[in-house]
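Hydrogens, waters and symmetry mates are skipped; everything else that's a heavy atom, side chains included, is used.
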Amino acid sequence: MRMSSKRGERENDPKQKTITDFFPARRSQRKTDQSVKAEKHQLLVRSTLEESQDGLKVKDFPMKGRGVIATRKFLRSEYVVEYSGELIDIITAKKRESKYAQDIRVGCYMYYFTHQNQQYCVDATEETDRLGRLVNHSRNGNLMPKVIEVKGNPRLVLVAKRDIDSNEELTYDYGDRSKKSLFYHPWLAH
């Protein structure tokens, strides 16, 4: 049988070599953006479930009180700590906030947020060994809050906004700019 084109003749000639006979086909090891995002999310979930607080230490700061410093380097977007407390609805949160305001010794460690069009609050006022509640405020903080879903419930984690060095104080912007809050807590302006 005779082929009419040279290309056809080469394809049917078993002695004819192809480029892959000399160089094996390379398959890309690159991950898609979607798979990288999924891996990062799973790492946040795992760290939250493990209640990880590795690389953190409580320190007293003049004019601020207790705060948290890094004892190791954290990379941008890396999980640092969970803002852990009781997850409550807004009505319960407002009642508790009024109660806490009546006793200046108690303080208020309430974080309001929205997840899937529903408002929540994490009440971390109760003293525990969890360190997220002790992270201080700065309008130019090195952490940022991120809501993730763990076993069907929203959880609030603090991730590195940029690379963070060891011995650096950890801070994030509380976001509260109300006149009442600024009157009672003027440090929120900074």
*Please test R66 against D60 for salt bridge (Lys or Arg N to Asp or Glu O under 4.0 Å), starting from the C-alpha separation and ending with a verdict.*
CA-CA 4 Å; R66 292 180 297 172; D60 283 317; 5.6 Å; no
*Side chain proximity check, D173 to H137, heavy atoms < 4.5 angstrom*: yes
*For the side chain of S166 and the backbone of K73, is there at least one donor-acceptor N/O pair under 3.5 Å apart?*
no
*Checking N142 side chain against E169 main chain: does a donor-acceptor pair fall under 3.5 Å?*
yes
*Same apolar cluster (I L V M F W Y, side chains within < 4.5 Å links), L156/V80*: yes
*Same apolar cluster: V147 and Y172, side chain cutoff 4.5 Å*: yes
*First locate atom OG1 of T71, then atom CG of N167, and finally report the distance between them rounded to the nearest 0.5 Å.*
8.0 Å
*Assess whether atom CD of E39 is packed by more than 12 heavy atoms of other residues, nucleotides or ligands within 6.0 Å.*
yes
*How many angstroms lie between atom CG of L134 and atom OG1 of T128, to the nearest 0.5 angstrom?*
8.0 Å
*What's the spacing between H115 NE2 and N153 CG if we round to 0.5 Å?*
9.0 Å
*Are side-chain heavy atoms of F74 and V81 found at a separation under 4.5 Å?*
no
*Minimum heavy-atom separation for P154 to F113, with atom names?*
CB-CE1, 3.9 Å
*Report yes or no: do V68 and L158 belong to one cluster of Ile/Leu/Val/Met/Phe/Trp/Tyr joined by side chain heavy-atom distances under 4.5 Å?*
yes
_Rounded distance [0.5 Å steps], CG in L56 versus CZ in R72_ = 8.0 Å
*Return the minimal non-hydrogen interatomic distance between A124 and S84, and the atom names on each side.*
CB-O, 3.2 Å
*So which heavy atom on D165 is nearest to which on A70, and how close?*
O-CB, 3.7 Å
_With Y83 via ring-ring contact (aromatic ring centres under 6.0 Å, His included) - residues at least two apart_ = Y111
*Taking E97 for the side chain and M110 for the main chain, is one N or O donor matched with an acceptor at less than 3.5 Å?*
no
*Do K94's NZ or CZ and the ring of Y112 fall within the cation-pi criteria of under 6.0 Å and 45°?*
yes
*Does CG belonging to D33 count more than 12 external heavy atoms closer than 6.0 Å?*
no
*Step by step, work out the salt bridge (Lys or Arg N to Asp or Glu O under 4.0 Å) result for R133 and E127.*
CA-CA 9 Å; R133 66 187 293 276; E127 188 76 36; 3.2 Å; yes
_I need the T171 OG1 to I164 CD1 distance, nearest 0.5 Å._
8.0 Å
*Taking atom CD1 of I91 as the centre, does the number of heavy atoms from other residues, nucleotides or ligands within less than 6.0 Å exceed 12?*
no
_Separation between CZ of R96 and OG1 of T125, rounded to the nearest 0.5 Å_ = 8.0 Å
*Group every Ile, Leu, Val, Met, Phe, Trp and Tyr by side-chain heavy-atom contacts under 4.5 Å, then state whether V157 and M144 land in the same group.*
yes
*Any pair counted as salt bridge (Lys or Arg N to Asp or Glu O under 4.0 Å), so long as it reaches residues 148-163, sequence neighbours left out*: E82-R155, R162-E168
*Quick one: side-chain hydrogen bond (donor to acceptor under 3.5 Å, both in side chains) partners of Q118, sequence neighbours excluded?*
Y120
*Is there side-chain contact between E51 and R130, with at least one heavy-atom pair below 4.5 Å?*
yes
*Does the side chain to side chain contact (heavy atoms under 4.5 Å, CB included) test come out yes or no for Y79 and I148, once each step is laid out?*
CA-CA 11 Å; Y79 171 95; I148 62 170; over 6 Å; no
*If you group Ile, Leu, Val, Met, Phe, Trp and Tyr by side-chain heavy-atom gaps below 4.5 Å, do V58 and L170 land in one group?*
yes
